[in-house]
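Okay, so here's the structure we're looking at.
Chain identifiers are assigned alphabetically (A, B, ...) following the order of the sequence lines, protein sequences preceding nucleic acid strands; residue numbering begins at 1 within each chain.
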2 protein chains.
Amino acid sequence: MKATFGEYIRQLRTDKGLTLTQLASQLDLDSANLSKIENGKREFDEKRLDKLAIAFNLNIDELKTEYFGDQFAKKMYQYNCSPETLIVAEEKVNYLKSINVKQAEIKF
Amino acid sequence: MKATFGEYIRQLRTDKGLTLTQLASQLDLDSANLSKIENGKREFDEKRLDKLAIAFNLNIDELKTEYFGDQFAKKMYQYNCSPETLIVAEEKVNYLKSINVKQAEIKF
DNA sequence: GCTAAATTTGTCATCTGTTGACAAGTTAAT
DNA sequence: ATTAACTTGTCAACAGATGACAAATTTAGC
């Protein structure tokens, strides 16, 4: 749980003894692009998360955690964000949820 | 510190008694688009964070915290991510920093 | 209620970054 | 040396975001 998402995919793939071409076809990708993804030169599209989960029989929620955790970390690193950012994020998720609950309640 | 970023801007703007048009011009925006931003229908471009900081004499780091915290929260809400995501993000930022330190060390 | 200012909404051409695809290059194993 | 695996470069095509402007709606003062 410390690697980047690309390194994580590579780990999964090599552990299973798959080539780039083999995994790429399961993900509807060309192997050149999968290579770039594993090396952090392209993004893994979130629309392919479910295919990845199937390919390695992973829990989709854990995979999302890994994926979005990676995304957030990259941004924070890139923009030199303070650790406080994550606390604010947590508060704001809760705020969004509370807003939504309120709206749902109003609907009836 | 619980509102969305759009609501936050609106708060700042109305507290200072500015109209959309007045603030928009300071941010190089048209007032219609600023309205959409405040109402969460468009994104605030991170390239304008410094102008926003100047307009309201805000600390840029706190503003980034607010901004990126909001971004992360939206994503998490949208994709129904577990709270664990933020813990993973924190670990991964540290990982990225440690990698970079290593690279920096190697450079000499 | 009328008017004017402020705000919101709709639309669309354009800009911008991302993606897929393929070619060409490199590396590794035998 | 040959082959398979992987990496890198390039670029047209695509998709989503943005700026701009018009039109509609809301708000506040009178």
**Residue B:A32, side-chain atoms from C-beta onward, closest of C:dG10, D:dT8, C:dA6** = C:dG10
**Asked** Got B:L52 and B:F5 here, is their nearest side-chain heavy-atom distance under 4.5 Å?
**Response** yes
**Item:** Integer-rounded Å distance: D:dC6 C1' and A:I37 CD1
**Value:** 14 Å
**Complete:** Per atom distances to the A:E43 side chain, the nearest of C:dG20, C:dT7, C:dT19 is C:dT19
**Asked** Checking all strands, does B:S35 fall into the base, sugar-phosphate, or nothing category for heavy-atom contacts under 4.0 angstrom?
**Response** base
**Under-4.0 Å side-chain N/O to phosphate OP1/OP2 contact, A:R42 with C:dA21** = no
**Message:** Should the side chain of A:N33 and the base of C:dA21 be counted as holding a donor-acceptor pair, with the cut-off at 3.5 Å?
**Reply:** yes
**Request:** Starting from C1' on D:dA15, measure out to NZ on A:K47 and report it in whole angstrom.
**Result:** 8 Å
**Message:** Using the rule side-chain contact (heavy atoms from CB on, under 4.5 Å), only one of A:L29, A:L20, A:L27 pairs with A:I37; which is it?
**Reply:** A:L29
**Request:** Please work out which of the three classes, parallel, tilted or perpendicular, describes the rings of B:Y79 and A:F68, given edges at 30° and 60°.
**Result:** tilted
**Complete:** In short, B:K64 meets A:N80 closest at the heavy-atom pair NZ-O, 3.6 Å
**Euclidean distance, atom CG of residue B:L20 to atom P of D:dG19 [Å, nearest integer]** = 15 Å
**Request:** Give the rounded distance in Å between these two atoms: CG of B:D45 and P of D:dT18.
**Result:** 6 Å
**Request:** May I ask you to evaluate whether B:R10 reaches the phosphate of C:dA6, defined as a side-chain N or O under 4.0 Å from OP1 or OP2?
**Result:** no
**Request:** Could you tell me whether the phosphate oxygens of C:dT9, OP1 or OP2, come under 4.0 Å of any side-chain nitrogen or oxygen in B:K41?
**Result:** yes
**Request:** Have a look at B:K36 and say if it touches a base, only the backbone sugar-phosphate, or nothing, with a 4.0 Å heavy-atom cut-off.
**Result:** base
**Request:** Grab the CG-C1' distance between A:N39 and D:dG9 for me, whole Å please.
**Result:** 14 Å
**Fill in**
Note: A:L49 and A:L63 closest approach over all heavy atoms is O-CD2, 3.3 Å
**A:D30 or B:T14, whichever maps to the more 5' nucleotide of DNA chain C** = B:T14
**Asked** Are any of B:R48's side-chain N or O atoms less than 4.0 Å away from OP1 or OP2 of D:dT18?
**Response** no
